[in-house]
Amino acid sequence: QVQLVESGGGSVQTGGSLRLACAATRYTPSSACIGWFRQAPGKEREGVAAISRGGERAAYAASVKGRFTTSQNYAVNTVYLHMNSLEPEDNAMYYCAATSSCRDLGSWSLAWGRKDEYNYWGQGTQVTVSS
């Protein structure tokens, strides 16, 4: 059983930056994929970004492309979401999720943002952006 722990949320002003971390308590294989999701009050949980543990693929929602990037530190089994140029529309609880085996690239490119693609979820970290 993989446990995911998010950290790094907080409050920033418009235009600010935050780095979220998703630490896995157990080793995640290179075949795994990690997704970042967010949920604002009264809205559906939406996929923001995803990355394969092997590092060969990454995907971003149109709303964050060019502002958010992902990276990972294999030594500490942690995936990061770097968020720049934050806007009030980015206000949400952010979650990371993991699946132990990614789909083939073609299928994954369509499915990475679906909640049911992932087996494990973290508890979330709040991001608040003030104007």
Side-chain angles (χ1 to χ4, degrees):
Q1 183 85 4
V2 175
Q3 289 186 315
L4 304 174
V5 180
E6 300 100 333
S7 61
S11 297
V12 296
Q13 292 188 325
T14 298
S17 298
L18 284 173
R19 186 187 73 168
L20 305 185
C22 174
T25 56
R26 296 179 66 177
Y27 168 75
T28 50
S30 59
S31 60
C33 276
I34 306 295
W36 285 98
F37 288 75
R38 67 185 180 187
Q39 187 166 18
K43 293 189 176 182
E44 291 288 317
R45 190 171 297 190
E46 62 173 353
V48 174
I51 187 172
S52 61
R53 287 293 277 150
E56 73 280 5
R57 58 179 83 171
Y60 300 92
S63 59
V64 306
K65 195 171 289 185
R67 299 189 297 123
F68 292 11
T69 58
T70 54
S71 66
Q72 48 194 328
N73 184 331
Y74 295 104
V76 294
N77 221 20
T78 299
V79 174
Y80 301 97
L81 181 67
H82 305 266
M83 306 188 296
N84 299 312
S85 302
L86 284 162
E87 305 166 351
E89 291 73 22
D90 298 315
N91 272 310
M93 184 72 81
Y94 283 72
Y95 300 87
C96 67
T99 179
S100 56
S101 181
C102 304
R103 293 171 178 260
D104 63 272
L105 182 59
S107 299
W108 182 78
S109 64
L110 299 174
W112 68 267
R114 288 172 42 180
K115 299 186 294 291
D116 59 3
E117 282 296 294
Y118 300 89
N119 309 105
Y120 309 101
W121 290 84
Q123 83 289 350
T125 185
Q126 180 67 43
V127 171
T128 302
V129 184
S130 57
S131 56

> Cys102 and Ser52: which non-hydrogen atoms are nearest, and at how many Å?
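The pair with the smallest heavy-atom distance is SG-CB, 4.5 Å.
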
> To the nearest 0.5 Å, what is the distance between OG1 on Thr70 and CD1 on Ile34?
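It comes to 10.5 Å.
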
> If we ignore hydrogens and angles and just use 3.5 Å, is the side chain of Tyr118 paired with the main-chain N or O of Trp112 as donor and acceptor?
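Yes, the answer is positive, given that a donor and an acceptor are paired below the 3.5 Å cut-off.
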
> Nearest heavy-atom pair of Gly9 and Thr125: which atoms, and what distance?
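Smallest interatomic distance, heavy atoms only, reads N-OG1, 3.1 Å.
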
> Run Cys33 and Glu117 through side chain to side chain contact (heavy atoms under 4.5 Å, CB included) and show every step you take.
CA-CA 9 Å; Cys33 276; Glu117 282 296 294; over 6 Å; no

> Over all heavy atoms of both residues, which pair between Val2 and Ala24 is shortest? Give the atoms and the distance, please.
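In this case the closest contact between Val2 and Ala24 is CG1-CB, 4.2 Å.
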
> Grouping I, L, V, M, F, W and Y whenever their side-chain heavy atoms are under 4.5 Å apart, do Leu18 and Val79 come out in a common cluster?
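Looking at the clustering, Val79 is in the same group as Leu18.
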
> Inspect the surroundings of CD in Glu46 and state if more than 12 heavy atoms from other residues, nucleotides or ligands are less than 6.0 Å away.
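For Glu46, atom CD is crowded (more than 12 foreign heavy atoms under 6.0 Å).
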
> Please confirm whether the ring centroid of Trp121 lies under 6.0 Å from the ring centroid of Phe37.
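Yes, the ring centres sit under 6.0 Å apart.
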
> Would you say that Ser63 contacts Arg38 through its side chain, given a criterion of any heavy-atom pair below 4.5 Å between the two side chains?
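Ser63 reaches Arg38 side chain to side chain.
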
> Would you say that Asn119 contacts Ser100 through its side chain, given a criterion of any heavy-atom pair below 4.5 Å between the two side chains?
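In contact.
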
> According to a hydrophobic-cluster definition based on side-chain heavy atoms being under 4.5 Å apart (Ile, Leu, Val, Met, Phe, Trp, Tyr only), do Val48 and Leu4 belong together?
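They do not share one cluster, since no chain of ILVMFWY contacts under 4.5 Å joins Val48 to Leu4.
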
> For residues Val127 and Tyr60: do they belong to one hydrophobic cluster (side chain heavy atoms under 4.5 Å, members Ile, Leu, Val, Met, Phe, Trp, Tyr)?
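Yes; tracing contacts between hydrophobic side chains, which count when under 4.5 Å, links both residues.
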
> Considering residues, nucleotides and ligands other than Glu56, do more than 12 of their heavy atoms fall under 6.0 Å from its CD?
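It does: Glu56 CD has more than 12 such atoms within range.
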
> For Ala61 versus Gly47, what's the shortest heavy-atom pair and its separation?
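Here Ala61 and Gly47 meet closest at CB-O, 3.5 Å.
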
> For Ser85 and Arg67, which heavy atoms make the closest approach, and how far apart are they?
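Scanning both residues, the minimum pair turns out to be O-NH1, 2.9 Å.
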
> Just verifying a value: how many Å separate Met93 CE and Lys43 NZ, rounded to the nearest 0.5 Å?
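If we round to the nearest 0.5 Å, Met93:CE and Lys43:NZ are 15.5 Å apart.
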
> Rounded to the nearest 0.5 Å, how far does CG of Asn91 lie from OG of Ser131?
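Those atoms lie 9.0 Å apart.
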
> Would you indicate whether the side-chain heavy atoms of Val12 and Ser17 approach each other to under 4.5 Å?
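A side-chain contact under 4.5 Å is absent here.
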
> Say you draw a straight line from CH2 of Trp108 to CZ of Arg57; how long is it, rounded to the nearest 0.5 Å?
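Between Trp108 CH2 and Arg57 CZ, I get 6.0 Å after rounding to 0.5 Å.
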
> Mind running side chain to side chain contact (heavy atoms under 4.5 Å, CB included) on Tyr94 and Met83 for me, showing each step along the way?
CA-CA 11 Å; Tyr94 283 72; Met83 306 188 296; 3.9 Å; yes

> So how far is it from Thr128 OG1 to Asp90 CG, rounded to the nearest 0.5 Å?
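Reported value, rounded in 0.5 Å steps: 11.0 Å.
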
> Test of understanding: clusters of I, L, V, M, F, W, Y form through side-chain heavy atoms closer than 4.5 Å, transitively. Do Phe68 and Leu20 belong to the same one?
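Yes, because Phe68 and Leu20 connect within a single hydrophobic cluster, where side-chain heavy atoms sit under 4.5 Å apart.
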
> Test your reading of the model: is there a side-chain donor-acceptor pair from Gln72 to the backbone of Gly54, 3.5 Å cut-off?
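No; zero donor-acceptor contacts below 3.5 Å.
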
> Does any part of the side chain of Glu6, heavy atoms only, come nearer than 4.5 Å to the side chain of Trp36, both counted from C-beta?
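In short, these two side chains touch, coming nearer than 4.5 Å.
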
> Is there side-chain contact between Asn77 and Arg53, with at least one heavy-atom pair below 4.5 Å?
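Asn77 vs Arg53: side chains touch.
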
> To the nearest 0.5 angstrom, please state how far the CD atom of Glu87 sits from the CD atom of Gln13.
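Those atoms lie 14.5 Å apart.
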
> Within the supplied structure, the quantity of interest is the number of heavy atoms (other residues, nucleotides, ligands) at a distance under 6.0 Å from Gln3 CD; does it exceed 12?
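Result for CD/Gln3: open.
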
